[in-house]
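Written out below as structure tokens is the structure these notes cover.
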Amino acid sequence: MVDLKSQYLDIKKEIDASIQEVIGNSTFINGPQVASFKNNLAQYLNVQHVIPCANGTDALQIALMALNLAPGDEVITVDFTFAATVEVIKLLQLTPVLVDVEADTFNLSFAALKKAITPKTKAIVPVHLFGQCAHMEAILDIAKQYNLYVIEDTAQALGATYTFIDGTVKKAGTMGTIGTTSFFPSKNLGCYGDGGAIFTNDDALAHALKGITNHGMYQKYYYDVVGVNSRLDSIQAAILDIKLPYLDSYNKARQSAAQFYNNAFKGCKHILTPVTSEFSTHVFHQYTLRITNGKRDKLHAYLKENNIPNAIYYPVALHSQKAYKTENVIEENFTNTNTLIEQVISLPMHTALETAQLELITKMILNYK
Ligand SMILES: *Cc1c(COP(=O)(O)O)cnc(C)c1O
């Protein structure tokens, strides 16, 4: 599904030197590389504050911790995402309210969101799934109307941009109250281990977030709130600082692979290619098809047999998972996620896909009737 080795070999010299520098100086924690990467990422995103942390799940958890929510407060998020998004809501004893997604973009359904807001709702966590932004303009409007926080889960969409009706263009993760991301190796900007970051334009929130990542400590050995230990280590920061200038070209490589796939499947009635919404760019963390003839599982098995990597993201809706099931679920509220889990299949997507590989993958899929 991903080829991280080819990407490394292309920039090996720079990467190796940057890692060696950290080891040479033995500044493993909070070295100058962390500050440098933090500033460069803030500049790239055009956001006031970047707070690095240990991974994308921590980033979400710390973001929610900084908002001083009370147990039982409701946080609305999508039914169709990686579990981390809903897991942290539960862990903090908040009440996750799962809502349906759009069938075409796989992102938060605005109609479902509107219906889910109650007097207990305090925050919305839209996920920019598979590489394109959720409909932030509508989400931010309704958040303002009901005085809700918005935390953008940008783990899959770093570098995507969103265009507002007035023409303003913003990067994914910088539009809401707080944005979070992951630098897991296979993400669009991946390190060589675990890493994550939190973004905000709010000075007070940035201060709170930074303290929480460091045990709730704002003055040496004085603990004002209960925090966590969540750091991006210097070696990962050094690697990310080398890779950041390549992010846009990496995303372009993903877009050209997606274009190849789109062209190949054009005219194929039972294959729906990814829909890119008019207000967002798509940086294709995943290239995900919908197979509408009921043969998705058979195609999945056939490709596996023929050594063509592919994956089902996601095979089970969160509202049906043991850990996140609630009583009195109304299945009609999840028409789209219930359909998507039966139809989706993701194809190999990374920055080093060659034409011959793309030809083979698409040929195998088109051959399968
Ligand atoms: C990867 C991912 C996360 C979690 O990131 P980690 O760094 O693995 O903790 C959260 N949300 C989404 C949507 C993701 O894809």
Side-chain angles (χ1 to χ4, degrees), residues 1-2 4 37 41 50-65 75-92 96 98-99 101-102 105-108 123-134 136 139 150-160 172-173 176 178-199 213 228-233 235-237 239-240 243 251 254 274 280 282-288 311-318 321 323-324 337 340-341 344 346 349-350:
M1 287 295 281
V2 291
L4 300 172
F37 171 62
L41 184 59
V50 168
I51 297 106
C53 64
N55 56 67
T57 309
D58 275 9
L60 283 162
Q61 182 182 325
I62 294 159
L64 285 168
M65 286 170 80
V75 178
I76 299 174
T77 193
V78 282
D79 188 36
F80 190 68
T81 176
F82 182 59
T85 324
V86 61
E87 165 187 306
V88 296
I89 299 171
K90 267 263 184 171
L91 274 173
L92 295 173
L98 297 171
V99 298
V101 296
E102 305 283 0
T105 62
F106 310 127
N107 273 326
L108 179 69
I124 310 167
V125 186
V127 179
H128 302 312
L129 201 75
F130 298 156
Q132 75 176 322
C133 296
M136 288 304 292
I139 294 167
V150 176
I151 299 171
E152 301 170 67
D153 183 344
T154 316
Q156 301 190 1
L158 204 68
I178 301 175
T180 65
T181 202
S182 162
F183 304 119
F184 184 81
S186 64
K187 302 281 155 111
N188 293 48
L189 180 63
C191 59
Y192 295 172
D194 275 308
I198 311 163
F199 323 126
T213 62
V228 295
N229 171 27
S230 188
R231 292 183 286 246
L232 180 71
D233 68 61
I235 288 183
Q236 301 307 337
I239 291 162
L240 289 165
K243 289 183 71 177
N251 284 340
R254 288 172 178 274
S280 175
H282 200 320
V283 294
F284 291 99
H285 174 62
Q286 296 297 341
Y287 182 88
T288 303
I312 311 288
Y313 301 125
Y314 298 93
V316 183
L318 286 172
Q321 297 278 6
Y324 304 112
T337 52
L340 291 175
I341 56 166
V344 289
S346 298
M349 178 49 79
H350 54 82

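Given the structure is predicted, the values throughout are model-derived calculations rather than measurements. Whatever order the structure lists ligands and atoms in, that order sets their numbers, starting from 1.
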Legend entry - For Ala237 against Phe37, the heavy-atom pair lying closest together: O-CB, 3.8 Å
Inset, instruction - Kindly give the heavy-atom pair with the smallest separation between Val125 and Thr77, and that separation in Å. - result: O-OG1, 2.8 Å
Legend entry - ligand 1 to Gly56 polar contact by distance, N or O atoms, under 3.5 Å: yes
Inset, instruction - Examine Ser182 against ligand 1 and note whether any of their N/O atoms are separated by less than 3.5 Å. - result: yes
Inset, instruction - For ligand 1, note which part of Asn55 has a heavy atom under 4.0 Å away: side chain, backbone, both or neither. - result: both
Inset, instruction - With heavy atoms of Val127 as the reference, note each atom of ligand 1 found under 4.0 Å away. - result: 13 (C)
Inset, instruction - Could you list the residues that satisfy side chain to side chain contact (heavy atoms under 4.5 Å, CB included) with Pro96, not counting sequence neighbours? - result: Val86, Ile89, Lys90
Inset, instruction - Would you please classify the geometry between the Phe80 ring and the Phe130 ring as parallel, tilted or perpendicular, with 30° and 60° separating the classes? - result: perpendicular
Legend entry - Under-4.0 Å heavy-atom contact with ligand 1, by part of Thr81 that carries it: side chain
Legend entry - Closest approach of any protein heavy atom to atom 11 (N) of ligand 1, naming residue and atom: Asp153 OD2, 2.8 Å
Legend entry - 4.0 Å heavy-atom contact, Lys187 with ligand 1: yes
Inset, instruction - For atom 4 (C) of ligand 1, grab the closest protein heavy atom and report residue, atom and distance to one decimal in Å. - result: Thr57 OG1, 3.5 Å
Legend entry - Nearest neighbour in protein (non-hydrogen) for atom 15 (O) of ligand 1: Gln156 NE2, 2.8 Å
Inset, instruction - Answer yes or no: is there a donor N or O on one side and an acceptor on the other, between the side chain of Asn188 and the main chain of Ala157, under 3.5 Å? - result: no
Inset, instruction - Please check if the distance between the ring centroids of Tyr313 and Phe106 is under 6.0 Å. - result: no
Inset, instruction - Using modelled atom types only, decide if a donor and an acceptor are shared between the side chain of Asn107 and the backbone of Leu129 within a distance under 3.5 Å. - result: yes
Inset, instruction - Check each atom of ligand 1 against the heavy atoms of Ala155 and keep those under 4.0 Å away; list them by number with element. - result: 2 (C), 3 (C), 10 (C), 11 (N), 12 (C), 14 (C), 15 (O)
